[in-house]
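Throughout, protein chains are lettered first and strands after them, A, B, ... in sequence-line order, and every chain is numbered starting at 1.
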Number of protein chains: 2
Amino acid sequence: MQLSNSSQYAIRILAYMADKKDSKLLNATELAKTLYIPYKFLTKIMTELVKSGLVISIRGRDGGYKFEKKTSEIMVSDILAIFNDSIKNEQCVLGIGFCNGLCKCALHDQWVEPRHLLQKMFQESSLEDIAGKGCKI
Amino acid sequence: MQLSNSSQYAIRILAYMADKKDSKLLNATELAKTLYIPYKFLTKIMTELVKSGLVISIRGRDGGYKFEKKTSEIMVSDILAIFNDSIKNEQCVLGIGFCNGLCKCALHDQWVEPRHLLQKMFQESSLEDIAGKGCKI
DNA sequence: ACATAATACTACTTAAAGGTAGAATTAATT
DNA sequence: AATTAATTCTACCTTTAAGTAGTATTATGT
Ligand code: SF4
Ligand code: SF4
């Protein structure tokens with residue numbers, strides 16, 4: 001019942017980047033040190049974020065990363081989607097999901113609300129919302 | 001954002017067993033076939049359930065498994081605990097959890113409620129509650 | 001041109017979850 | 001006593017997530 005490490009790292013990285021509004025380039029070394037994320041793993045994640053169009057990278061000396069879109073337009077759910085960590089509508093607590101209405105377990109109806117809250121939380125929280133507290137999470 | 005396979009299987013197995021109130025022994029072969037769980041994996045799980053005292057096993061011919069406690073006294077959270085799948089009070093969405101009140105991310109407060117609902121759901125749902133619908137989940 | 005400092009790429013290693021195989025043990029029936 | 005049908009044990013295999021290493025590529029500044 002946890003997000004994958006990659007998702008967690010990615011959210012933290014992007015939230016930290018969003019917090020530094022000044023559209024300056026941020027490089028992997030600094031990000032890794034500041035956020036206590038293994039450098040090599042961080043660059044791997046960053047490359048995926050670049051490929052999926054959330055951030056752009058400038059290579060070479062003085063290079064780094066910056067956002068491609070406005071941080072108010074990037075939702076946490078967009079990040080989760082990249083790492084196959086999204087919460088689907090039909091997702092069942094017990095990994096089945098095809099039980100019909102006539103035969104449903106006691107968890108079925110109880111699971112609906114937390115799942116919806118989670119979806120809502122991920123879909124409606126932008127990086128702008130998450131940042132702005134000046135903290136390195 | 002899913003329970004482990006072991007937890008999911010365990011819940012389904014025990015719910016099915018609870019559904020067959022008649023305290024008859026149920027054997028691994030039948031359970032595996034009925035619930036479409038790989039036989040060998042199921043026996044591995046059952047052995048853990050036996051060790052943790054939820055069910056007792058009778059070996060030898062005509063053996064099988066039955067509950068040690070009343071099904072109304074076994075909560076889903078008890079099962080999750082066995083497979084290290086419990087949701088902890090301090091559990092953070094981003095895998096950190098030590099941010100203080102002064103510096104918390106936008107997810108922090110939104111995460112409180114779904115987490116609480118999940119804990120509540122797991123802690124307050126007994127096997128008796130889950131069973132009794134006559135369905136093999 | 002060259003050194004430097006950054007990302008990108010390819011490939012590998014490690015750790016954990018998920019799953020399987022086979023033999024050992026146990027107990028009831030014959 | 002032998003057979004049979006069940007669980008248990010030990011060990012292994014497979015897949016996926018997590019993390020690492022080394023090299024290639026790119027761009028800047030001197
Ligand atoms: S009834 Fe239970 S097992 Fe079936 S889809 Fe709903 S939550 Fe999942
Ligand atoms: S503030 Fe955010 S990162 Fe920090 S503990 Fe709360 S949810 Fe986790």
Side-chain angles (χ1 to χ4, degrees), chain A residues 1-14 17 24-68 79-80 82-86 94-96, chain B residues 1-14 17 24-68 79-80 82-86 94-96:
Chain A
M1 227 49 185
Q2 278 253 104
L3 296 176
S4 68
N5 267 3
S6 297
S7 290
Q8 294 182 338
Y9 284 156
I11 296 171
R12 289 176 49 209
I13 294 164
L14 295 174
M17 287 177 63
K24 218 186 54 185
L25 289 183
L26 292 171
N27 67 55
T29 309
E30 181 192 335
L31 290 171
K33 271 187 193 149
T34 310
L35 301 170
Y36 304 99
I37 298 173
Y39 172 81
K40 280 291 194 178
F41 196 29
L42 181 137
T43 59
K44 196 179 195 176
I45 289 170
M46 290 314 288
T47 301
E48 294 197 66
L49 295 177
V50 168
K51 279 182 182 155
S52 45
L54 261 57
V55 304
I56 60 179
S57 63
I58 312 289
R59 295 172 66 159
R61 181 168 171 168
D62 295 344
Y65 305 96
K66 67 176 179 182
F67 284 104
E68 168 80 344
I79 304 168
L80 299 187
I82 296 169
F83 300 98
N84 289 314
D85 232 341
S86 304
L94 302 184
I96 302 191
Chain B
M1 226 49 186
Q2 279 251 107
L3 296 175
S4 68
N5 266 3
S6 297
S7 290
Q8 294 180 337
Y9 284 155
I11 295 170
R12 290 175 49 209
I13 294 165
L14 295 174
M17 286 176 63
K24 217 186 55 187
L25 289 184
L26 293 170
N27 66 53
T29 309
E30 181 191 336
L31 289 171
K33 272 188 191 147
T34 311
L35 300 171
Y36 303 102
I37 297 172
Y39 171 81
K40 281 288 192 178
F41 196 29
L42 182 137
T43 58
K44 197 180 195 174
I45 290 169
M46 291 313 289
T47 301
E48 295 196 66
L49 295 178
V50 168
K51 279 183 184 156
S52 45
L54 262 57
V55 303
I56 60 179
S57 62
I58 312 289
R59 294 172 68 158
R61 180 168 173 166
D62 294 344
Y65 305 96
K66 69 176 178 181
F67 285 103
E68 168 80 343
I79 304 168
L80 299 189
I82 296 169
F83 301 97
N84 289 313
D85 231 342
S86 302
L94 301 184
I96 302 192

Is [X] near enough to [N] that one of its side-chain N or O atoms lies under 4.0 angstrom from OP1 or OP2?
{"X": "A/Ser6", "N": "D/dA18", "result": "yes"}
{"X": "A/Ser57", "N": "C/dA8", "result": "yes"}
{"X": "B/Tyr9", "N": "C/dG19", "result": "yes"}

Which atom of B/Met46 lies closest to which atom of B/Val55, heavy atoms considered: CE-CG2, 4.3 Å

Considering all heavy atoms, the nearest A/Leu31-A/Met17 contact: CD2-CG, 4.1 Å

Separation of [X] atom [atom1] from [N] atom [atom2], in whole Å?
{"X": "A/Tyr39", "N": "C/dA5", "atom1": "OH", "atom2": "C1'", "result": "9 Å"}
{"X": "B/Ile45", "N": "D/dT8", "atom1": "CD1", "atom2": "P", "result": "13 Å"}
{"X": "A/Glu48", "N": "D/dA17", "atom1": "CD", "atom2": "P", "result": "11 Å"}
{"X": "A/Asn27", "N": "D/dT28", "atom1": "CG", "atom2": "C1'", "result": "14 Å"}
{"X": "B/Leu31", "N": "D/dT7", "atom1": "CG", "atom2": "C1'", "result": "13 Å"}
{"X": "A/Arg61", "N": "D/dT25", "atom1": "CZ", "atom2": "C1'", "result": "17 Å"}
{"X": "A/Glu68", "N": "C/dT7", "atom1": "CD", "atom2": "C1'", "result": "16 Å"}
{"X": "A/Asn5", "N": "C/dA15", "atom1": "CG", "atom2": "P", "result": "15 Å"}

Touch class at under 4.0 angstrom, heavy-atom based, for B/Ser4 against every strand present: sugar-phosphate

Sugar-phosphate, base or nothing in reach of B/Leu25, heavy atoms under 4.0 Å: nothing

Do side-chain atoms of [X] reach the backbone of [Y] as a donor and acceptor pair under 3.5 angstrom?
{"X": "A/Arg12", "Y": "B/Leu94", "result": "no"}
{"X": "A/Asp85", "Y": "A/Ser4", "result": "yes"}
{"X": "A/Thr47", "Y": "A/Thr43", "result": "yes"}

Quiz question: going by heavy-atom distance under 3.5 Å, is there a donor-acceptor pair between the base of [N] and the side chain of [X]?
{"X": "B/Arg59", "N": "D/dT8", "value": "no"}
{"X": "A/Lys44", "N": "D/dG19", "value": "yes"}
{"X": "B/Lys40", "N": "C/dG18", "value": "no"}

5′-ward residue of the pair A/Thr43/B/Gly60 relative to DNA chain C: A/Thr43

Residue whose closest nucleotide on DNA chain C lies nearer the 5' end, A/Asp62 versus A/Lys51: A/Asp62

